[in-house]
Amino acid sequence: MECLFCKIINREIPSDIVYEDDEVLAFNDINPQAPTHILIIPKKHIATLNDVEEGDLTIVGKLQHTAAKLAKEKGFADDGYRVVMNCNEMGGQTVYHIHMHLMGGREFTWPAG
Ligand code: AMP
Ligand code: ZN
């Protein structure tokens with residue numbers, strides 16, 4: 001499997017893991033855009049949001065639930081934070097294994113760039 005994030009799941013590439021269970025892995029982004037910038041990924045390889053099937057809905061919901069849990073743990077849940085999932089080229093996706101960006105610790109503007 002040539003997927004970068006599958007390699008991180010399989011420990012073929014090192015990463016700074018902050019949470020793991022049977023279904024999801026969360027690790028610090030290598031190029032953080034906020035004081036906290038964590039990527040939350042399913043252990044199942046799904047290339048883009050467009051490839052999510054009905055059987056994957058629990059796991060996709062778990063990405064968001066994990067984001068909220070980590071935001072609480074990091075202490076910025078009440079102040080607020082940003083979660084983002086980029087899809088395909090125009091959406092800014094560069095790694096084709098779905099991931100939720102959790103960013104916190106600063107104020108975000110809207111609309112996103
Ligand atoms: P996206 O552009 O939405 O596909 O996000 C991909 C993210 O993966 C970017 O924020 C990158 O900084 C991050 N990234 C790429 N390689 C690594 C890596 N080896 N470890 C951690 N984060 C990475
Ligand atoms: Zn993958």
Side-chain angles (χ1 to χ4, degrees):
M1 179 72 84
E2 288 306 305
C3 171
L4 177 69
F5 286 175
C6 283
K7 286 182 176 166
I8 285 178
I9 292 164
N10 295 327
R11 309 302 204 265
E12 292 165 41
I13 290 176
S15 69
D16 189 7
I17 293 170
V18 297
Y19 176 78
E20 179 170 26
D21 64 27
D22 289 348
E23 293 169 316
V24 308
L25 184 72
F27 50 95
N28 285 315
D29 196 293
I30 205 167
N31 183 23
Q33 303 301 312
T36 295
H37 186 170
I38 295 169
L39 300 175
I40 305 156
I41 69 174
K43 288 193 170 174
K44 178 184 177 185
H45 178 87
I46 302 170
T48 80
L49 192 56
N50 293 335
D51 301 302
V52 171
E53 296 171 351
E54 276 201 38
D56 302 321
L57 297 186
T58 305
I59 189 84
V60 174
K62 192 160 181 189
L63 300 182
Q64 294 201 285
H65 187 247
T66 303
K69 195 164 68 174
L70 290 171
K72 288 173 197 162
E73 264 179 44
K74 296 283 178 187
F76 53 71
D78 288 342
D79 284 342
Y81 56 95
R82 178 70 51 85
V83 289
V84 174
M85 196 183 271
N86 297 324
C87 184
N88 278 337
E89 200 177 339
M90 294 273 280
Q93 186 173 6
T94 59
V95 178
Y96 283 79
H97 179 131
I98 58 167
H99 46 280
M100 184 157 290
H101 296 259
L102 166 64
M103 290 174 282
R106 69 170 171 88
E107 193 163 348
F108 294 90
T109 57
W110 190 259

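- The closest side-chain heavy-atom distance from Val83 to Met103 is not below 4.5 Å.
- Residues Ile40 and Phe76 fall within the same hydrophobic cluster, defined by Ile, Leu, Val, Met, Phe, Trp and Tyr side chains chained together at heavy-atom separations under 4.5 Å.
- Residues Met100 and Tyr19 are members of one and the same hydrophobic cluster, defined by side-chain heavy-atom contacts under 4.5 angstrom among Ile, Leu, Val, Met, Phe, Trp and Tyr.
- Residues Pro42 and Val60 fail the side-chain proximity criterion, which asks for heavy atoms closer than 4.5 Å.
- Taking all atoms of both residues into account, the shortest heavy-atom contact from Gly105 to Pro35 is O-CG, 3.4 Å.
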Exercise for review: Using the side-chain contact (heavy atoms from CB on, under 4.5 Å) rule, take Ser15 and Asn28 through it: C-alpha gap first, then chi angles, then the decisive distance, then the call.
Suggested key: CA-CA 7 Å; Ser15 69; Asn28 285 315; over 6 Å; no
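- Tested against Leu25, the residues Val18, Ile41, Leu39, Thr66 include a single side chain to side chain contact (heavy atoms under 4.5 Å, CB included) partner, Ile41.
- Val52 and Ile59 end up in the same hydrophobic cluster when Ile, Leu, Val, Met, Phe, Trp and Tyr side chains are linked at under 4.5 Å.
- Arg11 contributes a side-chain N or O that, together with a main-chain N or O of Ile9, makes up a donor-acceptor pair within less than 3.5 Å.
- Put simply, CG on Leu70 and CD1 on Ile38 are 5.0 Å apart, with the number rounded to the nearest 0.5 Å.
- Within the structure, side chain to side chain donor-acceptor pair (under 3.5 Å) contacts touching residues 73-102 (residues at least two apart or in different chains) are His37-His101, His45-His97.
- Under the 4.5 Å side-chain contact rule for hydrophobic residues, Phe5 and Ile17 share a cluster.
- Counting only residues at least two apart or on different chains, the salt bridge (Lys or Arg N to Asp or Glu O under 4.0 Å) pairs with a member in residues 51-65 are Asp21-Lys62, Glu23-Lys62, Lys44-Asp56.
- Judged by distance alone, with hydrogens and angles left aside, the side-chain atoms of Asp29 form a donor-acceptor pair with the main-chain N or O of Asn31 at under 3.5 Å.
- One finds the SG atom of Cys6 at 9.0 Å from the CD atom of Glu12 (value rounded to the nearest 0.5 Å).
- Here Thr36 contributes atom OG1 and Arg106 contributes atom CZ; the two are 11.0 Å apart, rounded to the nearest 0.5 Å.
- Hydrophobic clustering, with ILVMFWY side chains joined whenever heavy atoms are under 4.5 angstrom apart, keeps Leu4 apart from Met85.
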